[in-house]
Amino acid sequence: MPAPRLSDKRWSIDLEKRIQEEHFADEAKYSARYGFNPNSGKEIFVIDTPPPYPSGTWHIGAVAQYSMIDVIARSQRLIGKEVKFPWGVDRNGINVEFTVEKNTGRKMKTYDRAEFLELCAETIEEFTQSMRDTARRVGLSMDYANEYLTDSPDYRKVTQAIFTELFKQGTIVEDLRPNIYDPVEGTTIADAEVQRLQRMTRLIDVKWQTEDGEELIISTTRPELICACGIVVVHPDDKRYQHLVGKKAMLPLPVDGREVSVEIATHPSVKSEFGSGILMVCSFGDQNDVTVFRELGLAPFQAIDLDGCMTSIAGPFTGMKVKEARDAAIEYLDANGKIDKIVEKEQEVPVSERGKNPVEIILLKEWYVRQTHIQDRISELAEDIEFHPPRNKQFLQDWMDNISIDWPISRRRWYHTEIPVWYADDGAKIIVPPAGIYVQPWCQDPPAGSEVLDRETREILGNFDKLKDSLGEIIGEEKVFDTWMDSSNSNLFVSGYLNDMDTFEKAFPTAIRPQGKEIVRTWLYYTLLKSALLLDKPGFKHVWIDGLGMDPWGRKMSKSLGNGIDADSVLECGAGGRTGSWRVRGPDKSVQLKANKIGSECFRLWKACDAQVGDDFHINPEEIESKYFGVLTKLFNVARFASQFDAPANLDTTPDNLPVEDRWILAEFANTMEKAENAWRGLDIYNATQALKTFGTGILPSHWLEMAKSRLYDGDQEAAWTVHRIVRDFMAALSPVCPFFTHHISSTLYDSSAVDVREFPERTPSDDELRSLTSAIEEFNGNTWRSKKEQGISLNAPVEGIVIPDELSEFTSILTRMHKLE
RNA sequence: GGGCCCGUGGUCUAGCGGUUAUGACACCUCGCUUACACCGAGUUGAUCGUGGGUUCAAUUCCCACCGGGCCCA
């Protein structure tokens, strides 16, 4: 037997790692292979890769999602597109600030700002490195040489330029409004960042009195806010209290610098069955209070300051933290006989997603992106976007239907992009930098070329360089942007906005936004908002929303459930003879999962085959191995078998004397390749991979290879041509899913790599009549094998009495030879 | 409370109005056959969550319910 050119006996994780190392080692070669050339003349396909946020470990579900984004990138290259697959890292944000605070045991605001930023930059860089490694390990064919970081001047200057443009346009405004505020972290947060937690709270029934002495019971969980009470309301249909409407209620706590009584009015938002059915409305206990104040045109009180302490209107409670003030207020009310009863009750408390601190709603001057006016237009623009799967568009629509307030974008934190403005001494003028320069107003003066604008009307008053001396002392803005303000530019940035407008013209709307469904209301929504405001265009041609990686029982993986599986352990499973084992807490008991070998190729194949886009997927290493490693083994061995026969030089020209069985399998192969190509064009990973897997592990080895074997051993050139043509093209078609596997096989056998194919392989000759015989062939082979089995003879033993059906008469000689029919 | 998704052989999964309801893994039986024993071949195994409805026809469409999950309030 001639030696196979594939020398390894089987596919292994060590082999996989060897190929990977070699693949990434030569940077020039890597860039030539996967880099982006906007001037190639090919159709540009820009992928707005989600820039991961570096935090110790990368969730295996996310790694699986990224591997599918890579499949999209590779399959688009395969069908001839010029793909830009950028590698970006999202590094702005409160998370790294928390990490530094935790590591050093010091709160951010006790640091010098520059010193703190330095610590954040160091910390985030450490985390970033491990993500770069994992990205390569799972085979992501990204443009690492042109890595972008959202905390770099290059990226931040784009965010700042977009801000300035929207400000001039009037869609970004500065205003004093009630804001959701985290007093512990000292920053405003957006609606999308609020979470609700169940907590035990005291519900206090406080005795109030009208000015003429009638007693009212009002239930509240926030008695410290009585000083900010603007009105007392009852439901308009509540018969019990109609006589009170129009009267005044005396505040049951002492206050300072404000009226001691408030009006009693009606409002439809009151729930009559809750407590006594009378509600005090304070600025601001919750979102409903905000609504009532706005609707009734009441002037809000500032009861809580930026440190989370009571302001002077709280009288005796001034300066106390909210929680202390609450205790003191209860004590005071109790001492004065103004408490009817106190009930401990479970209640949902709004907290900040990042810090888990109870949030307050307070009046603050902040920056906002106006968004309520443009919802209809975004919906209209979104009609031109193709969603994969279509149903996941609903997540976006649901969120948009619920938007009622503008997006507050300013934050009182540090490791974020700075808001690029300065204020003139008189407070009436504002200075903005020219586009293309990253500025830090908290420590820098406005750069040359800045403009001076009227703070209210945004009218351009002139060039800063000329007006400089008339502006008095210039104060830099200290606030920064919400991180989504940065990340929602990612598609603009990667498509070349501001940096390469020629490419941008060709590349926008960005070809595809792949992402998880959990950030539709933030990342996707804010990006579409930006595209609509800035360019009045849809941000994308395709939006690809994948499901989430779940534990083997279909539950979300989380630290608290103890059901997490680490990505690296799966990718390294089988390397150097080590096996993988995972202790995972199930719904009933802990389960020990074990696997011997997985690696990136098997992992990717599993994700591609096992879950349709958009479906949540269960991650069970045992299952990944048992269902998919065998597929790789099978395909590897088909190729290894082929590799012992020399490949004819002219694989692109079909010989004209092919026997019927070769024409038959080539027709079947053509059909498989057509399915695969159509699926790749339609971004349908599942069906492309399924078609290839079915052919490559089924009909090809089981039926055709068995027929062709003896011819191959006889040195038959047509059989060699057929098997090599199929193996070569098959590897190209599968290369998006298993790049290293197919690269190894194709470069060993054909001296050219499957991952370099930039045009989907030409179809082999098709023949519907021959294809119609496929089931007959399968049935005949099956029957023959069964018959041998029933006779107790081995499959390669001669057999008598088998009759080939008429429809397969063309195959008589090959079937006779294959089964040794006598 | 609202939205979305999912309940198909032991396990996972395909199906998207008419199929002998895919396929994989596991089980069982047989076979060391010049690619593959980490293999091959052949069996066994499903009232398609429950109850209604639409239809000549329902796993597939509609409604209700039950169960699981995710997101949001």
Between atom [atom1] in [X] and atom [atom2] in [N], what is the gap in whole Å?
| X | N | atom1 | atom2 | value |
| --- | --- | --- | --- | --- |
| A:N781 | B:A41 | CG | C1' | 12 Å |
| A:W553 | B:C12 | CH2 | C1' | 14 Å |
| A:R817 | B:U34 | CZ | C1' | 14 Å |
| A:Q515 | B:C70 | CD | P | 20 Å |
| A:I699 | B:G23 | CD1 | P | 13 Å |
| A:N620 | B:A26 | CG | C1' | 13 Å |
| A:N563 | B:G69 | CG | C1' | 13 Å |
| A:N796 | B:C30 | CG | C1' | 15 Å |

Indicate whether the side chain of [X] and that of [Y] have a donor and an acceptor atom separated by less than 3.5 Å.
| X | Y | value |
| --- | --- | --- |
| A:N392 | A:W544 | no |
| A:T522 | A:W399 | no |
| A:N637 | A:R640 | no |
| A:D610 | A:Y628 | yes |
| A:S787 | A:Q791 | yes |
| A:W407 | A:D482 | yes |

In whole Å, measure the gap between the [atom1] atoms of [N] and [M] for me.
| N | M | atom1 | answer |
| --- | --- | --- | --- |
| B:U59 | B:G17 | P | 14 Å |
| B:C32 | B:A26 | C1' | 23 Å |
| B:U34 | B:U19 | C1' | 41 Å |
| B:A21 | B:G9 | P | 15 Å |
| B:C62 | B:G23 | P | 28 Å |
| B:C4 | B:G18 | P | 26 Å |
| B:G3 | B:A24 | P | 40 Å |
| B:U33 | B:G15 | P | 41 Å |

Tell me if the centroids of the rings in A:H724 and A:Y750 come within less than 6.0 Å of each other.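 A:H724 vs A:Y750: aromatic centres under 6.0 Å.
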Can you tell me which stems RNA chain B forms, taking runs of 3 or more consecutive Watson-Crick or G-U pairs with both distances under 3.5 Å?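 In RNA chain B, stems of three or more pairs: B:1-7 with B:66-72, B:10-12 with B:23-25, B:28-31 with B:39-42, B:49-53 with B:61-65.
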Shortest side-chain distance from [X], nucleotide among [options]:
| X | options | value |
| --- | --- | --- |
| A:R521 | B:A37, B:C72, B:G69 | B:C72 |
| A:K517 | B:G31, B:C30, B:C70 | B:C70 |
| A:M550 | B:G42, B:G31, B:G69 | B:G69 |
| A:K597 | B:C25, B:C38, B:G40 | B:C38 |
| A:D615 | B:A14, B:C38, B:C71 | B:A14 |
| A:F395 | B:C4, B:U13, B:C30 | B:C4 |
| A:D398 | B:G31, B:G3, B:A41 | B:G3 |
| A:R786 | B:A41, B:A37, B:G42 | B:G42 |
| A:Y686 | B:A14, B:C12, B:G31 | B:A14 |

Would you call the rings of A:F603 and A:W606 parallel, tilted or perpendicular if under 30° counts as parallel and over 60° as perpendicular? tilted
For a quick check of understanding: with a heavy-atom distance under 4.0 Å over all strands, which category does [X] fall into, base, sugar-phosphate or nothing?
| X | answer |
| --- | --- |
| A:S702 | sugar-phosphate |
| A:R10 | base |
| A:K788 | nothing |
| A:E706 | base |

In residues 627-639 of chain A, which ones come under 4.0 Å of RNA chain B, going by heavy atoms?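 Nucleic-acid contacts, sorted: A:K627, A:T633, A:K634, A:N637, A:V638.
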Can you tell whether the side chains of A:E625 and A:K597 come within less than 4.0 Å, N to carboxylate O? yes
For A:P701 and for A:E623, locate the closest nucleotide of RNA chain B by heavy-atom distance; then report the residue assigned to the nucleotide nearer the 5' terminus.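 First, find each residue's nearest nucleotide; the 5'-ward one identifies A:E623.
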By nearest heavy atom, map A:N392 and A:L795 onto RNA chain B; which one lands nearer the 5' end?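 Comparing both residues, the 5'-ward one is A:N392.
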Does NZ in A:K356 sit with more than 12 non-hydrogen atoms of other residues, nucleotides or ligands closer than 6.0 Å? yes
Is there a side chain to side chain contact (heavy atoms under 4.5 Å, CB included) between A:I804 and A:F811 once you walk through the steps? CA-CA 9 Å; A:I804 295 169; A:F811 289 78; 5.8 Å; no
Candidate pair A:W785 and A:H703, rule ring pair (Phe, Tyr, Trp, His ring centres under 6.0 Å), full reasoning: CA-CA 11 Å; A:W785 286 321; A:H703 296 274; 5.6 Å; yes
Counting only side-chain N and O atoms of A:S626, is one of them less than 4.0 Å from OP1 or OP2 of B:A26?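 Indeed not, no polar side-chain atom of A:S626 lies that close.
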